[in-house]
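In what follows, a structure is listed as structure tokens, so that the remarks can point back to it.
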Amino acid sequence: MSTQYSAIGRTAILRLDNPPVNGLGHATRQGMVQGLHHALDSGDVDAVVLTGREGFFSAGADITEFGTPKTTAEPTLGDVIAALEPADKPVVAAIDGTCFGGGLELALGAHYRVATSKSRIGLPEVNLGLVPGAGGTQRLPLEQAADAQCLNREGHTRGKGRHRQRQR
């Protein structure tokens with residue numbers, strides 16, 4: 001499998017491991033769904049973290065599978081995201097490095113996202129006239145709007161990676 005499952009305490013770690021860029025190929029998608037079901041069914045797990053290896057969360061589709069039946073084989077990326085969204089345990093995408101295309105769509109399907117300051121995030125396929133295929137163009141604006149509206153008890157609003165005092 002190109003997805004590694006491990007646990008640290010009561011947290012399951014699903015690590016994408018499909019070099020060189022953690023492409024979301026068929027085996028990776030299968031591993032994510034299997035790992036997620038294992039974590040959700042386990043009474044020893046309270047949360048799930050999705051992450052990658054080697055400076056890549058995921059750069060999106062596995063181009064070695066383009067033009068093959070694996071590209072559309074189930075589970076599709078949409079199926080993986082559909083498994084994440086209703087999870088009854090929190091799912092966090094821990095982003096370090098590149099998170100492009102389908103990788104960003106996967107991260108947007110998680111309940112929460114955290115990223116290092118060195119992370120690069122985007123939907124580069126739109127520059128080629130391609131529409132992201134797993135709902136990224138719907139989820140990204142919703143997340144940005146939710147982030148802009150998020151206030152904590154002290155009257156701070158989140159924005160640009162830090163907490164800022166809300167103007168009164």
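Throughout, numbering of the chain's residues begins at 1 and tracks the sequence.
- Put simply, the side chain of Leu14 does not reach to within 4.5 Å of the side chain of Val49, judged on heavy atoms.
- Taken to the nearest 0.5 Å, the CD atom of Gln30 stands 11.0 Å off from the CG atom of Asp79.
- Annotation: the span from Leu104 atom CG to Cys99 atom SG amounts to 5.0 Å, rounded to 0.5 Å.
- In this structure a side-chain-to-backbone donor-acceptor pair under 3.5 Å is present from Thr51 to Ala94.
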What do the steps show when you test Asp46 against Thr11 for side-chain contact (heavy atoms from CB on, under 4.5 Å), and what is the final call?
-> CA-CA 6 Å; Asp46 294 328; Thr11 303; over 6 Å; no
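- Without hydrogens or angle criteria, Ser58 side chain to Asn22 main chain gives a donor-acceptor distance under 3.5 Å.
- Nearest heavy atoms, Arg29 versus Pro75: NE-O, 2.6 Å.
- Smallest separation of non-hydrogen atoms from Tyr5 and Ala12: OH-CB, 3.6 Å.
- Judged by distance alone, with hydrogens and angles left aside, the side-chain atoms of Asp17 form no donor-acceptor pair with the main-chain N or O of Gln4 at under 3.5 Å.
- The hydrophobic clustering, which links ILVMFWY residues whose side-chain heavy atoms are closer than 4.5 Å, places Leu84 and Leu40 together.
- Remark: side-chain polar atoms of His111 are paired, donor with acceptor, to backbone N or O of Val91 under 3.5 angstrom.
- Smallest separation of non-hydrogen atoms from Ala39 and Val48: CB-CG2, 3.7 Å.
- Of the possible polar contacts, one joining the Arg10 side chain to the Gly43 backbone as a donor-acceptor pair under 3.5 Å is found.
- Between Ala93 and Phe57, the shortest heavy-atom contact is CB-CZ, 4.1 Å.
- Under the 4.5 Å side-chain heavy-atom criterion for grouping Ile, Leu, Val, Met, Phe, Trp and Tyr, Leu24 is not connected to Val21 through any hydrophobic cluster.
- Leu16 and Phe56 fall into different hydrophobic clusters, where Ile, Leu, Val, Met, Phe, Trp and Tyr are joined by side-chain heavy atoms under 4.5 Å apart, directly or via other members.
- With hydrogens and angles disregarded, a donor-acceptor distance shorter than 3.5 Å links the side chain of Lys89 to the backbone of Val45.
- Side chain to side chain, Asp62 and Asn18 meet the donor-acceptor criterion of an N or O pair below 3.5 Å.
- Hydrophobic clustering (ILVMFWY, side-chain heavy atoms < 4.5 Å, transitive): Leu36 and Leu77 are in one cluster.
- Cluster annotation: Tyr112 and Val114 are assigned to the same hydrophobic cluster (Ile/Leu/Val/Met/Phe/Trp/Tyr, side-chain heavy-atom contacts under 4.5 Å, transitive).
- Panel note: side chain Thr3, backbone Thr28; a donor-acceptor pair is recorded below 3.5 Å.
- Of the possible donor and acceptor atoms, none in the side chain of Arg15 sits under 3.5 Å from a partner among the backbone N and O of Ser2.
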